Every structure is written in structure tokens, then in C-alpha cells.
Amino acid sequence: MIREYTTTVEIAGPLMLIDRVKGVTYEELAEIELPSGEIRHGKVLEVNGDMALIQLFEGSRGTDIVASRVRFLGKGVELGVSEELLGRVLDGQGRPRRPFDNGPPIIPKKMVNINGAPMNPYARDYPSEFIQTGFSSIDGINTLVRGQKLPVFSGSGLPHSVVAAQIARQARVLGEGESFAVVFAAMGITFEEADYFVSDFRRTGAMDRAVVFMNLADDPAIERIATPRMALTAAEYLAYEKDMHILVILTDMTNYCDALREISAARKEVPGRRGYPGYLYTDLSTVYERAGRVKGRNGSITQIPILTMPEDDKTHPIPDLTGYITEGQLILSRELHKRGIYPPMDVMESLSRLKDKGIGEGKTRADHSDLFNQLMAAYSAGKNARELAVILGVAALSEMDRLYLEFAEEYEKRYISQGQNEDRSISETLDLGWELLKILPRSEMKRIRAENLDRYWPIPSAEERKD
């Protein structure tokens, strides 16, 4: 039974306080009927005794304490799920996002609460299978594994949106008969950014295997908080009920956290670090921990959250807490970006903690681990040589240091850098690594096992040397 109340006692910003309520629960949906007959929607943020605090989705302008009527619907925020989600662009409430999607409303096979069900840790399966993104700096060095949470740490002005779109259209799982799709959620972005993402997906054909959720900068903060949960609910349905492998890309988590801070301030909660609520860590974990593999299920959910670090500060609460919850990070470098390198991936600072589980024979190639270790050692030596050259000059470097310096320059120009439409297979990435290592003497290959070195860098015979 839906009860109607006219006992509003206070309206402050997007919040309404209702008195003398019965049976209302946390995160329950509400309808607010204005004196004009207009219907607005809200969600219960807090229940204290017989009082309920509601956050309005559409704002409180035009509401009236005396004449507005409030109805509680007895359910939380839900998303209607079906396979028809693929190829659609939706808003933060799961409705077709006009003008990007002019299709009909989706006919759901069932309604699912967007907060999801907690996953039993014992039921989790260990991530161990490779996902190809087409980026050498990810596939070769900081490999993404099915079921992993691997965030991208960016900064204002860096091309994280372009990187996100390229990953979304290029990512794939290797193997026959595997169904793969991308769920893309954008929070607090401009209309221009939204148009770029949708146009890019449609131009490249990626939209056919994608579900896109768009929350624009002028949309309500409460909708911004629901957007990643909408995306993950769609991903869970496709992964665990339709046996698909799903890559979830969330951009920008900084906008999501700012919406949390805005609502926390409206509720007059005691702020934590940098004004963010003290439960920021817990809230982020409810988003990130919905990735993974489940024993006995064929599908999987892999997450790439993207966040812009305010003032490029890795100790800011958002990247700091994200780093604790996730399994590594990909860091975009402002220095590389200024030098025209795309993607400006700082491979030395980046880390994929699960990369060793997703590479090797039967997954990528047997030489992958050795090659990765040698490339990183050589690049590190090359960067050290570059620092010496700045102080002493290139002429003061030893012959070997000059070779390492040349390697570092070529590594950045040819391996890390690639075109915005360049999709490299893992074989192309590994072969390119071997090609670059040949700038150095074979005697410097101290991190590669003899069998791999002989296979990919054979010593010519006496007759071959004569030729």
C-alpha cells in the first residue's frame, strides 16, 4: 500500500524532510507531486524515527511545504535488464538518453536493484585470463586480466577520454566462441564529451557490443551517484546470466566523488579529508568490488575506472583510496603528453598486480614475462642515461649509456606511442619489443632465459655471417 504524506517540514536545496512517516526504508524511492500537478522523483537518504530525508532528482524549485504531496513507492532504484541493452545509450536512471538515443523504451526481462547483492569472497575465482586492449603500454607491460580492477590515474587536460574511447572499441578477449561486450559509464561530463563518445562508438561499430550510460554535468548529483551502479547492474546481468565477458569503463570517478561530497555537505555531515565524507572508502569499495569472476559462471566483469587527480596529486583521497581497493594503476604522464606522445602512459609508475597471472604460454606467449622484465630494465637504464646527459652532456656518456639513451628514445616513440586508431595485437606488441631490444648488444640481455633468447634472437651461423 502506497501512503501519501503532506507533512513536509523543511526544504533545503535538493533535500526534503518529511515528518510522521511509517515503514519507510533507506534508499526507498519517492514521488513528489507539486501543486501544479508535476511529478518529481527522489530517494530516501536517511530515516530517523518517524522522519525521512529525501534527495530530489530534479531539484526542489517549485516545491511547496504545505501543498506538495509525497508518496513512498516501497522499492529502491531499479534497472530493467535484458539483452536489448546492447547498442543503447541511457541516462543515469536507465532511460534512453535523448538526443543520443531516440529508440523506444527498453522492454525488461526483469527489474534488478542497482545496489547489487554482496559477492561471497569464497565464490570468487582468481583472475587469470588475458584481455587485449590494443595498447602496447598496457598489453605488453601492465597487462589487464579478466576480473581485474585496473584504474587509470589522469590529470586535467590529459587525453583520458580519448584513451577510454579507444580501449572501449579495441578491447577483446582471445579465444574462440567467447562473447565480449563493453559497459561504458560517463559521469559529470559535458555535452561535447558525450557527443564525442557516442559518435566515436557509432563510427567504429563499437556501439553494437556496448551499453552506454551518460550522466551530464548539469544532471542531478544523486543521479551521478546512481550511474556507475546502473552500469554495473547491466554488466552483472550480461556476465552472470548471459555468460558474457564484460569490460566496465567508468569515467570520471572524481566527478562521482564530488557528487558524494555535495550531498554529504547538504546533509551537514562532518567532513573528512579534503571535505569528502568519512565513508568515501566504503562507498568506493561498493563500486569497485563488483568486478570479478565467480566460480561456476562462465562470464566475468573487468573494471577500468578513470579518475582525474586534482593538481596531479596521487595522495589526494580519491586516487589514494582507489589504489587501496584496486589491483594496480595506469598513470598518464603530463611530461610525455607535452612531448606529443600518445597515450602518455608512464610505464615506470604504472603497475598491474595481476599481470603475471594473465601472461605466458597459452595466454599471450611464452617469452612475454622475460621480454617485459628486459624492456623495463633497459628503459630504466635509458632514463638514467638521459638524466646524466642533462647534467654532463651526451658527449660525456659512455658508449653503452648512449645506446641505452637511444633505446629509451625509440621505446617512447615506437612502443609507448601509437596512433589513436592503431590497434596492435599482442603478437605485434611482443615482436616490436624484440625489435627495439636489438638496439642493445645481445650480451645485455641478462633477464631473458637462454631458450627464449635463442628462439627470438638467434646467433647467426658462420656461413650466415659470411653472407
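Note that the structure is predicted; figures quoted are calculated from it, not measured.
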Practice item. Check the side chains of Y288 and T322 for a donor-acceptor pair under 3.5 angstrom, ignoring hydrogens and angles. Key: yes
Check your understanding: Do the side chain of D313 and the main chain of M309 share a donor and acceptor less than 3.5 angstrom apart?
Key -> no
**Study point:** Residues E422, R424; criterion salt bridge (Lys or Arg N to Asp or Glu O under 4.0 Å); working and verdict
**Key:** CA-CA 6 Å; E422 185 179 357; R424 293 179 188 163; 2.9 Å; yes
Check your understanding: Just by distance, do the side chain of D139 and the backbone of G134 share a donor-acceptor pair under 3.5 Å?
Key -> yes
Check your understanding: Is a donor on one side and an acceptor on the other found under 3.5 Å between the side chain of R229 and the backbone of V77?
Key -> no
Practice item. Say whether E412 and Y379, considering side chains only, have a donor N or O and an acceptor N or O under 3.5 Å apart. Key: yes
**Study point:** Exam field: side chain E193 to backbone T190, donor-acceptor pair closer than 3.5 Å
**Key:** yes
Practice item. Run the ring-centre check on F153 versus H316 and record whether the distance is less than 6.0 Å. Key: no
Review point. Are F213 and M187 side-chain neighbours, meaning at least one heavy-atom pair lies under 4.5 Å?
Key: no
Review point. Roughly how far, to the nearest 0.5 Å, is the CD1 atom of I306 from the OG1 atom of T254?
Key: 11.0 Å
**Study point:** Centroid-centroid under 6.0 Å between F197 and F184 rings
**Key:** yes
Practice item. Please name the pair of heavy atoms, one in R402 and one in V394, separated by the smallest distance, quoted to 0.1 Å. Key: NH1-O, 3.9 Å
Point to revise | Carboxylate-amine/guanidinium proximity below 4.0 Å for E335 and R339 | key: yes
Point to revise | Side-chain donor-acceptor pair present, N452, W457, cut-off under 3.5 Å | key: no
Exercise for review: Taking the side chain as every heavy atom from C-beta outward, state whether V81 and K110 have any atom pair closer than 4.5 Å.
Suggested key: yes
Review point. Does R261 offer a backbone N or O that forms a donor-acceptor pair with the side chain of S264 under 3.5 Å?
Key: no
Review point. Could you state the interatomic distance from CD1 (I141) to CG (L351), rounded to the nearest 0.5 Å?
Key: 12.0 Å
Review point. Got I301 and K149 here, is their nearest side-chain heavy-atom distance under 4.5 Å?
Key: no
Exercise for review: Consider only side-chain N and O atoms of Y237 and E83, and report whether a donor and an acceptor are under 3.5 Å apart.
Suggested key: no
Review point. Taking 4.0 angstrom as the limit, do R172 and D423 come out as a salt bridge?
Key: yes
Review point. Between Q148 and R353, what is the shortest heavy-atom contact and its length?
Key: NE2-N, 4.1 Å
Review point. Between Y276 and D258, which heavy-atom pair has the shortest distance, and what is it?
Key: OH-OD1, 2.7 Å
Practice item. For residues I106 and S82, determine if any side-chain heavy atom of one lies less than 4.5 Å from a side-chain heavy atom of the other. Key: yes
Study note, to complete from the structure: Looking only at heavy atoms, the pair that brings S333 and L158 closest together is O-CD2, 4.3 Å
Practice item. Give a yes-or-no answer on whether the side chains of Q420 and Q166 include a donor-acceptor pair shorter than 3.5 Å. Key: no
**Study point:** Under 3.5 Å: donor-acceptor pair, side chain of D91, backbone of R95
**Key:** yes
Exercise for review: Please round to the nearest 0.5 Å and tell me the distance separating atom CG of L307 and atom OG1 of T251.
Suggested key: 9.0 Å
Check your understanding: For Y122, does its backbone N or O pair with a side-chain atom of K295 as donor and acceptor, under 3.5 Å?
Key -> yes
Point to revise | Heavy-atom pair with the smallest gap, counting every atom of P127 and K357 | key: O-CB, 3.6 Å
Review point. Are L150 and L354 close enough that some pair of their side-chain heavy atoms sits under 4.5 Å apart?
Key: no
**Study point:** Heavy-atom check, side chain of S179 versus side chain of H245, under 4.5 Å
**Key:** no
Practice item. Spell out, as yes or no, whether a donor-acceptor pair under 3.5 Å connects the side chain of Q374 to the backbone of R447. Key: yes
Study note, to complete from the structure: Result for side-chain contact (heavy atoms from CB on, under 4.5 Å) between I189 and one of D219, D195, N215, L216 points to L216
Check your understanding: Salt bridge check: are R386 and E406 linked by an N-O gap of less than 4.0 Å?
Key -> no
Exercise for review: Please lay out, stage by stage, how E84 and K109 fare under the test salt bridge (Lys or Arg N to Asp or Glu O under 4.0 Å).
Suggested key: CA-CA 9 Å; E84 291 182 19; K109 290 189 176 177; over 6 Å; no
Review point. So does R365 pair up with D431, basic N to acidic O under 4.0 Å?
Key: yes
Review point. Looking only at heavy atoms, what is the nearest atom pair of Y342 and P159, with distance?
Key: CD1-CG, 4.1 Å
Practice item. Taking the side chain as every heavy atom from C-beta outward, state whether K314 and D320 have any atom pair closer than 4.5 Å. Key: no
**Study point:** Residue pair S128 / R146, side-chain donor-acceptor N/O under 3.5 Å
**Key:** no
Practice item. In sequence, state the C-alpha distance, the side-chain angles, and the governing distance for L144 and K355, and then conclude on side-chain contact (heavy atoms from CB on, under 4.5 Å). Key: CA-CA 6 Å; L144 179 65; K355 67 178 181 296; over 6 Å; no
Check your understanding: For I426, does its backbone N or O pair with a side-chain atom of Q132 as donor and acceptor, under 3.5 Å?
Key -> yes
Review point. Are the side chains of V347 and Y411 in touch, meaning some heavy atoms are under 4.5 Å apart?
Key: yes
**Study point:** Derivation of the salt bridge (Lys or Arg N to Asp or Glu O under 4.0 Å) call for D101 and R202
**Key:** CA-CA 12 Å; D101 187 319; R202 289 199 170 123; 5.2 Å; no
**Study point:** K446 and D370: CA distance, side-chain angles, deciding distance, salt bridge (Lys or Arg N to Asp or Glu O under 4.0 Å) verdict
**Key:** CA-CA 10 Å; K446 298 172 182 176; D370 288 359; over 6 Å; no
Exercise for review: Keeping the roles fixed (side chain from S350, backbone from I331), state whether a donor-acceptor pair exists under 3.5 Å.
Suggested key: yes
Point to revise | Separation between CE of M400 and OG of S443, rounded to the nearest 0.5 Å | key: 5.5 Å
